[in-house]
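Fair warning: this is a prediction, and the values are worked out from it, not measured in the lab. Each chain gets a letter, A, B and so on, in the order its sequence line appears, and its residues count up from 1.
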2 protein chains.
Amino acid sequence: MFQVTKKVEYGLRAMIILAKNYKAKKVCSVKFLSEKEEMPFDFLEKIISCLEKSKLVKGSKGSTGGYLLTKNPNKINVKNIISSLEGTKAMTNCPFCPRNKKCIAKNAWKKIDNSLSKTLQDITLAQLIK
Amino acid sequence: MFQVTKKVEYGLRAMIILAKNYKAKKVCSVKFLSEKEEMPFDFLEKIISCLEKSKLVKGSKGSTGGYLLTKNPNKINVKNIISSLEGTKAMTNCPFCPRNKKCIAKNAWKKIDNSLSKTLQDITLAQLIK
DNA sequence: TTAAAGCAGACTGATTTAGTCTGTTTTTAT
DNA sequence: ATAAAAACAGACTAAATCAGTCTGCTTTAA
């Protein structure tokens with residue numbers, strides 16, 4: 001089946017910790033996150049950077065700095081996180097394939113992609129932390 | 001989002017053709033399949049070989065040989081096809097990770113994997129060809 | 001002013017992908 | 001009988017992606 005990348009795996013772990021600290025508004029540094037879940041610091045920095053660019057988290061600098069979710073965990077779903085980290089491209093390059101018009105599977109992938117997207121959208125961070 | 005491999009992409013294309021020829025019991029050679037959908041012959045041979053090992057198709061040798069689905073298209077779903085080609089491993093290596101007990105995401109991936117599996121199981125070849 | 005944090009980008013070894021190539025076996029048509 | 005056409009098997013490879021690492025800069029609170 002689909003193997004998820006380490007990027008996504010670590011990213012979700014970090015987001016779950018941030019979700020648990022959302023109510024108390026406790027900022028979490030990358031150091032804290034990486035130690036708590038034993039994830040490589042340098043790599044995690046880059047991952048969080050992606051999540052920040054898509055405005056799922058917000059960082060604050062300085063010695064008491066760290067990251068916070070930008071919104072309630074029930075407003076962030078797994079599709080948001082994966083899209084942020086892996087980009088928003090479709091499952092196949094079908095739409096850009098020169099023989100798309102003739103392709104026997106052109107509608108199949110549309111259906112499959114839509115179903116999977118819907119499924120991932122229905123799973124929120126809030127559900128995952130309770 | 002999830003990028004599907006060429007292996008799966010070609011595999012599904014081939015399976016859709018086979019599904020359309022199922023009622024008439026028309027065998028399709030790899031040559032026929034690869035020319036019809038412009039897929040690399042040698043690569044497709046390997047792909048079909050996987051599908052045969054998981055008993056989704058059955059080959060017959062000789063100069064009129066080729067492949068047939070082993071069962072009705074409404075009995076074959078997209079998960080069957082992807083599992084056959086990509087293996088049946090889970091989305092993450094979580095279950096085999098030494099720190100699984102402590103891992104904050106251990107149940108999250110179980111939930112996500114289950115939801116996606118169910119979604120892919122609900123899409124059959126029969127649906128895709130009508 | 002210095003330490004701790006965020007932020008940015010170049011670099012790299014290892015693995016996976018997407019095939020290709022060569023060769024064998026089986027079966028049908030001539 | 002034999003040639004042709006198909007399945008079947010496995011070794012090999014260039015290119016791309018993955019999973020980080022490393023270096024260095026900027027911002028901010030103590």
Side-chain angles (χ1 to χ4, degrees), chain A residues 1-14 18 21 26-70 82 84-87 89 91-93 97, chain B residues 1-14 18 26-70 82 85-87 89 91-93 97:
Chain A
M1 281 286 308
F2 298 115
Q3 272 282 86
V4 108
T5 59
K6 288 285 173 191
K7 202 174 178 185
V8 169
E9 192 183 317
Y10 295 153
L12 185 70
R13 302 241 291 274
L18 291 176
N21 287 285
K26 191 197 157 211
V27 300
C28 300
S29 68
V30 175
K31 185 160 182 288
F32 170 82
L33 295 169
S34 74
E35 281 171 359
K36 180 142 197 173
E37 280 290 314
E38 296 171 71
M39 301 181 282
F41 176 85
D42 288 315
F43 194 21
L44 192 58
E45 260 191 332
K46 278 204 338 194
I47 293 169
I48 301 242
S49 194
C50 286
L51 295 167
E52 176 158 52
K53 277 192 187 97
S54 26
K55 300 193 195 309
L56 295 177
V57 303
K58 174 70 190 147
S60 55
K61 291 190 171 186
S63 51
T64 58
Y67 290 92
L68 274 180
L69 295 187
T70 56
I82 296 181
S84 162
L85 297 174
E86 299 285 21
K89 60 199 170 201
M91 291 191 72
T92 65
N93 297 328
C97 174
Chain B
M1 281 287 309
F2 298 116
Q3 272 282 87
V4 108
T5 59
K6 288 285 172 191
K7 200 175 180 185
V8 169
E9 194 183 315
Y10 294 153
L12 184 71
R13 301 241 291 272
L18 292 175
K26 191 197 155 209
V27 299
C28 300
S29 69
V30 174
K31 184 160 182 288
F32 171 82
L33 295 169
S34 75
E35 281 173 357
K36 180 141 198 175
E37 279 289 314
E38 297 171 73
M39 301 180 282
F41 176 85
D42 289 314
F43 194 21
L44 192 57
E45 261 191 331
K46 278 204 338 193
I47 293 169
I48 301 242
S49 195
C50 287
L51 295 166
E52 175 156 53
K53 278 191 187 97
S54 27
K55 299 194 194 308
L56 294 178
V57 304
K58 173 73 191 143
S60 55
K61 290 189 169 186
S63 52
T64 57
Y67 290 93
L68 274 180
L69 296 188
T70 55
I82 296 181
L85 298 174
E86 300 285 23
K89 59 196 172 206
M91 291 190 73
T92 66
N93 298 328
C97 175

Fill in: Whole angstrom value for the distance that separates P of C:dG6 from NZ of A:K58
12 Å
Worksheet, complete the sentence: Under a 4.0 Å heavy-atom criterion, the protein footprint on nucleotides 12-17 of chain C, written with B, S and -, is ------
Worksheet item: Rounded to whole angstroms, how far apart are CD on B:E35 and P on D:dA5?
Response: 12 Å
Item to complete: List in chain and number order the residues that pass salt bridge (charged side-chain N to carboxylate O under 4.0 Å, His left out) with A:K36, two or more places apart in sequence or in another chain; answer none if no residue qualifies.
Response: none
Worksheet entry | Residue pairs involving residues 51-68 of chain A (criterion salt bridge (charged side-chain N to carboxylate O under 4.0 Å, His left out); sequence neighbours excluded) | none
Discussion item. Under the rule for side chain to side chain contact (heavy atoms under 4.5 Å, CB included), what residues qualify as partners of A:E35, not counting sequence neighbours?
Written reply: A:K31
Worksheet item: If you look at every heavy atom in B:V27 and B:S60, which pair is closest and at what distance?
Response: CG1-OG, 4.4 Å
Worksheet item: Tell me, for nucleotides 20-30 of chain C in 5' to 3' order, what letter each nucleotide earns: B for a base near a protein heavy atom under 4.0 Å, S for only sugar-phosphate near one, - for neither?
Response: BB---BBBBS-
Worksheet, complete the sentence: Taken to the nearest whole Å, CD/B:E52 to C1'/D:dC8 is 8 Å
Worksheet item: Can you name the residues that form a side-chain hydrogen bond (donor to acceptor under 3.5 Å, both in side chains) with A:T5, not counting sequence neighbours?
Response: A:E86
Worksheet item: For the pair made of CG in A:L44 and P in D:dC18, what is the distance, rounded to whole Å?
Response: 18 Å
Discussion item. Could you tell me how far apart B:R13 (CZ) and C:dA18 (C1') are, to the nearest whole angstrom?
Written reply: 14 Å
Worksheet item: Who pairs with B:K26 by salt bridge (charged side-chain N to carboxylate O under 4.0 Å, His left out), at least two apart in sequence or on another chain?
Response: none
Practice prompt. Mind checking the CG-CG spacing from A:L68 to A:N21? Nearest 0.5 Å is all I need.
Written response: 8.5 Å
Worksheet, complete the sentence: the helix from C:dT1-D:dA30 to C:dT30-D:dA1: angle between terminal helix axes, five bp per end, to the nearest 10 degrees, reads 10°
Practice prompt. When you get a sec, tell me which of C:dA8, D:dA6, C:dA5 is the closest nucleotide to the side chain of A:S29?
Written response: C:dA5
Discussion item. Over all strands shown, is B:Y10 touching base, sugar-phosphate only, or nothing at heavy-atom distances under 4.0 angstrom?
Written reply: sugar-phosphate
Discussion item. Under the rule for side chain to side chain contact (heavy atoms under 4.5 Å, CB included), what residues qualify as partners of B:C50, not counting sequence neighbours?
Written reply: B:K7, B:S84, B:L85
Fill in: Minimum-distance pair of heavy atoms, taken over all atoms of B:L18 and B:C28
CD2-CB, 3.7 Å
Discussion item. Distance check needed: D:dA6 C1' versus B:L68 CG, whole Å only.
Written reply: 14 Å
Anything under 3.5 Å between a donor and an acceptor, one on a side chain of residues 37-48 of chain B, the other on a protein residue two or more places apart or in another chain? List them.
unit_1: B:E37; atom_1: OE1; unit_2: A:R99; atom_2: NH1; d: 3.2
unit_1: B:E37; atom_1: OE1; unit_2: B:R13; atom_2: NE; d: 2.6
unit_1: B:E37; atom_1: OE2; unit_2: A:I104; atom_2: N; d: 3.2
unit_1: B:E38; atom_1: OE2; unit_2: A:R99; atom_2: NE; d: 2.7
unit_1: B:E38; atom_1: OE2; unit_2: A:K102; atom_2: NZ; d: 3.1

Worksheet item: How long is the line joining NZ of B:K31 and P of D:dC8, in whole Å?
Response: 18 Å
Practice prompt. Please round to the nearest 0.5 Å and tell me the distance separating atom CG of B:L69 and atom CG of B:L56.
Written response: 8.5 Å
Discussion item. In whole Å, I'd like the distance from the CD atom of A:E9 to the C1' atom of D:dA19.
Written reply: 12 Å
